[in-house]
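These notes are about the structure you will find just below.
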Amino acid sequence: MGKMRNNDNKLYVLDTNVLLHEPFAFLSFQEHQVVIPMTVLEELDHIKDRKKDVSRDARIAIRALDDVLRDASPEEMLAGVDLSTVAKNCTGKLTIVNDHMFEDAVSGLPGDENDHRIINTALHLQQLKVEVKVVLVTKDINMRLKAKGAGLEFVEDYRTDQLIDDISLLTSGYKKLDGDFWQHVKECDSEQSGRDTYHTVPRNLLNEVFINEYLLDETGHFAARVVDYDEEHIKLLDLGFERIMGRSAWGIQPKNVYQAMAINALLDPHMDLVILTGPAGCGKTLLALACALELVIERGMYDKVIVTRNTPEIAESIGFLPGTEEEKMMPWLAAITDSLEVLHKNDENPVSSRNYIMEKANIQFKSINFMRGRSIQNAIVILDESQNLTASQLKTIITRCGEGTKLICSGNLAQIDSNYLTPVTSGLTYIVERFKDFQGSSTINLNGVVRSRLASFAEENL
């Protein structure tokens, strides 16, 4: 009888998509051993020369592996190369395994499919190293199912960049308080600063708060935003429920309190990043565009509006449509032109008004492919459909924003089209959690469909 498996001693077999998702993923397993099958290196080699965005990640992964294995002998590569030389927090070993030497009969998944070879590697190691917990790590859900069915005990998703375990735990950007807020307040210091009123209340009124989190109560009269807090006190900006419901942008009035909070955040010049989440039809794109036009044309605070979104194939290609970059992007950004039509549908000549506004606001349609390397100054960037982007893709866009630029990210986590993303691993979820306590950002979940009663019924019942 073999030795009992030691769950503290683990061996991780990485799939190709893990390295494409995060090229330095092999450094994320601390003291445990990491195995990369030869098939993974072959797949990276085939991908690196494609004219797609994912090819860049393949090249980065290959170079990162070369930095570790460059001076290692074949014997050392088989035994495991120490990873502490390239990462201080990683004390494990990296091993390259020639999986072409293993028989297909081990797994019961015959053929030359790369997925089967990688599963076969994990199963072979599971039989060979009975004292170690062998774990296959892959972003491919179907591959995880096949591996389990083939007899592999431990299969996991790569979740190092996953900040929450359940999408229901994702912050909505606001709290609804029971009863009348002021009935719970025993002491309060208020101060006036220009037209704004600030209240400092005890911290024990709320269990957990974040910077720029909105507070509402059941009376429908209280609305505030957290502007600062410490272990003892919370400082609130008094917004007033009727005041925020009375604000408008480019002729658009909020239809519910969620839209009112979104308009408040979008029109605030101190908010460098505004994240809008929510179901289809809740008004994310319309509000973003209306507030952008208000800030650019009416207030003159920004020079232009740049609109972008992920294109099919996970933002890899904008295809072979004829025309310029902007003309190629038009089919993917129809939601923006639809919103412009709604904003100017009552004009005497809606088409002329729309064209005039696009020129006046300097609205530019750009592809994410060409955002890398840019430095965008004094502009409003609207990133639509951002739920289909990874954390690294969103980082690429956010780091392009220079001085005086406001970024608006909108997305619906229920409409993810990516093969390897789920609501909890989406880049949109990642930035909501990462930026929830950043002084210059605000998140609003637009809870409620306002597009039509048909859309509202479909969202709730289909």
Mark yes or no for whether Thr405, through its side chain, and Ile376, through its backbone, hold a donor-acceptor pair below 3.5 Å.
-> yes
Counting distance only, does the side-chain N/O of Glu76 pair as donor-acceptor with the main-chain N or O of Ser73 below 3.5 Å?
-> yes
Where Leu19 and Leu14 come nearest, the two heavy atoms and their spacing | CD2-CD1, 4.3 Å
Ser426 side chain to Pro423 backbone, donor-acceptor under 3.5 Å = no
Distance-only donor-acceptor check, side chains Asn445 and Ser172, under 3.5 Å = no
Assess whether side-chain contact (heavy atoms from CB on, under 4.5 Å) is satisfied between Thr16 and Ile118, documenting all intermediate values.
-> CA-CA 9 Å; Thr16 312; Ile118 296 168; 4.2 Å; yes
Could you tell me whether Lys175 and Glu213 make a salt bridge, using a distance below 4.0 angstrom between a side-chain N and a carboxylate O?
-> yes
Is there a side-chain contact between Ile252 and Leu287, using heavy atoms and a 4.5 Å cut-off?
-> yes
Is there a donor-acceptor pair under 3.5 Å between the side chain of Glu113 and the backbone N or O of Asp115?
-> no
Of all the heavy-atom pairs spanning Gln393 and Asn388, show the shortest one and how long it is.
-> OE1-O, 4.3 Å
Rounded to the nearest 0.5 Å, the CD1 atom of Ile60 sits from the NZ atom of Lys48 at a distance of 14.0 Å
d(Ser442 OG, Tyr214 OH) to nearest 0.5 Å is 4.5 Å
Mind checking the OG1-CZ spacing from Thr308 to Arg400? Nearest 0.5 Å is all I need.
-> 13.5 Å
Using atom types as modelled and distance alone, determine if a side-chain donor or acceptor of Gln439 lies under 3.5 Å from a backbone N or O of His270.
-> no
Donor-acceptor contact present, side-chain Thr121 to main-chain Arg117, <3.5 Å | yes
In terms of side-chain heavy atoms, does Thr171 have a donor or acceptor partner in Glu433 at a distance below 3.5 Å?
-> no
Return yes if some donor-acceptor pair links the side-chain N/O of Lys148 with the main-chain N/O of Phe154 below 3.5 Å, else return no.
-> no
Check ion pair Arg59-Asp45 (N to O, under 4.0 angstrom) = no
Taken to the nearest 0.5 Å, the spacing of Met271 CE from Leu407 CG works out to 14.0 Å
Going from CG on Leu293 to CG on Leu289, what distance comes out if it is rounded to the nearest 0.5 angstrom?
-> 4.5 Å
Main-chain N/O of Pro279 paired to Lys284 side chain as donor or acceptor, under 3.5 Å = yes
With no hydrogens and no angle check, do the side chains of Asn17 and Tyr158 hold a donor and an acceptor under 3.5 Å apart?
-> no
Determine whether the side chains of Gln377 and Ser375 contain a donor N or O and an acceptor N or O closer than 3.5 Å.
-> yes
Below 4.5 Å, heavy atoms only, C-beta onward: do Leu152 and Gln126 meet side chain to side chain?
-> yes
Kindly give the heavy-atom pair with the smallest separation between Trp250 and Glu294, and that separation in Å.
-> N-OE1, 2.8 Å
Do any N or O atoms from the side chain of Ser55 and from the backbone of Ile47 form a donor-acceptor pair under 3.5 angstrom?
-> yes
Does a salt bridge link Arg144 with Asp157, judged by any charged N lying under 4.0 Å from a carboxylate O?
-> yes
Heavy-atom distance under 4.5 Å between the side chains of Leu216 and Leu177, does that happen here?
-> no
Are His32 and Lys93 linked by a side-chain donor-acceptor pair shorter than 3.5 Å?
-> no
Residue pair Leu276 / Ala262: nearest heavy atoms and the distance that separates them = CD2-CB, 3.9 Å
If you measure only the distance, is there a donor-acceptor pair under 3.5 Å linking the side chains of Asn212 and Tyr174?
-> no
For residues Asn114 and Thr39, is any side-chain donor paired with an opposing acceptor at under 3.5 Å?
-> no
Determine the minimum heavy-atom distance between Asp57 and Pro23, stating which atoms define it.
-> O-CG, 3.7 Å
To the nearest 0.5 Å, what is the distance between CD (Gln387) and OG (Ser410)?
-> 8.0 Å
